Amino acid sequence: QVQLVESGGGYVQTGDSLRLSCVGSGPTFSLYSMGWFRQDPGKEREFVVGIGRTGDITSNTDVVKGRFTISRDNAKNTVYLQMSNLKPEDTAVYYCAAKAGTASYYSEELYDYWGQGTQVTVSS
C-alpha cells in the first residue's frame with residue numbers, strides 16, 4: 001500500500017514557475033513508476049509526464065512543451081514536477097500516481113495509487 005500526498009500548488013501569474021511535490025509512504029516507493037496527471041473541470045484527466053524506477057522519463061509533449069520537468073528522489077520518497085513559464089491553460093488539479101508495471105504511462109487504469117491532487121491556477 002502506498003499513500004501519495006501532493007503539495008506545492010497555488011495561484012500564480014502567467015510566466016511564473018511552480019514546483020509540485022508528491023510524497024509517498026512506505027518502503028517500496030522506489031519500486032514504482034510515477035506519473036503526473038492533470039484535470040481541469042469539465043475536461044478529462046490527461047497525462048502530463050512520468051518517470052520510471054531508474055529515472056527514464058516519458059512526456060506528453062503536447063502538454064509539456066519543454067516547460068515541465070519531472071524528477072524523483074527515492075531517498076525522500078518524493079517525485080517532483082517543476083513547471084515553468086506557466087500559462088492559463090495549465091490551470092488544473094494536478095495528481096500524482098504510482099504504478100507497479102512498466103506499461104504505458106498514459107493509461108490511468110494502469111496506476112495503482114493516486115494522490116488527492118493539488119490545485120494550480122494560472123491567471124492571465
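Owing to the predicted nature of the structure, the values given are computational and were not obtained by experimental measurement.
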Practice item. Step by step, work out the side chain to side chain contact (heavy atoms under 4.5 Å, CB included) result for Asp90 and Arg38. Key: CA-CA 9 Å; Asp90 296 317; Arg38 70 183 187 183; 2.9 Å; yes

Check your understanding: Which of these, Ile70, Asp56, Leu81, Thr69, sits in a side chain to side chain contact (heavy atoms under 4.5 Å, CB included) with Ile51?
Key ->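 Result for side chain to side chain contact (heavy atoms under 4.5 Å, CB included) with Ile51: Ile70.
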
More than 12 heavy atoms of other groups within 6.0 Å of [X] [atom1]:
X     : atom1 : answer
Arg53 : CZ    : no
Glu44 : CD    : no
Gln3  : CD    : no

Taking [Y]'s backbone N and O only, do any of them form a donor-acceptor pair with [X]'s side chain (distance below 3.5 Å, no angle check)?
X      : Y      : result
Thr118 : Tyr94  : no
Asp112 : Ala100 : yes
Gln39  : Ala92  : no
Tyr111 : Cys96  : no

Minimum heavy-atom distance [X]-[Y], with the two atoms named:
X      : Y      : result
Val79  : Ser71  : CG2-O, 3.1 Å
Gly115 : Tyr95  : O-CD2, 3.6 Å
Val64  : Val48  : CG2-O, 3.5 Å
Pro88  : Ser124 : CG-CB, 3.8 Å
Thr78  : Ser21  : CG2-CB, 4.3 Å
Leu18  : Gly10  : CD1-N, 4.1 Å

Point to revise | CA sep, side-chain torsions, deciding dist, call: Thr121, Gln119, side chain to side chain donor-acceptor pair (under 3.5 Å) | key: CA-CA 6 Å; Thr121 303; Gln119 176 71 48; 3.3 Å; yes

Are [X] and [Y] side-chain neighbours, meaning at least one heavy-atom pair lies under 4.5 Å?
X      : Y     : answer
Asn77  : Ser25 : no
Glu46  : Asp62 : no
Met83  : Leu20 : yes
Val122 : Asp16 : no

Out of curiosity, does [Y] fall in the hydrophobic cluster containing [X] (side-chain heavy atoms, cut-off under 4.5 Å, transitive links)?
X     : Y      : answer
Val93 : Tyr80  : no
Phe68 : Val12  : yes
Phe29 : Leu110 : no

Atom pair [atom1] ([X]) and [atom2] ([Y]), whose distance is rounded to the nearest 0.5 Å:
X     : Y     : atom1 : atom2 : value
Arg67 : Leu86 : CZ    : CG    : 6.5 Å
Lys65 : Ser59 : NZ    : OG    : 13.5 Å
Arg72 : Thr54 : CZ    : OG1   : 8.5 Å

Can you tell me how the ring of [X] sits relative to the ring of [Y], calling it parallel under 30°, perpendicular over 60° and tilted otherwise?
X      : Y      : value
Tyr32  : Tyr113 : perpendicular
Trp114 : Phe37  : tilted
Phe47  : Tyr106 : tilted

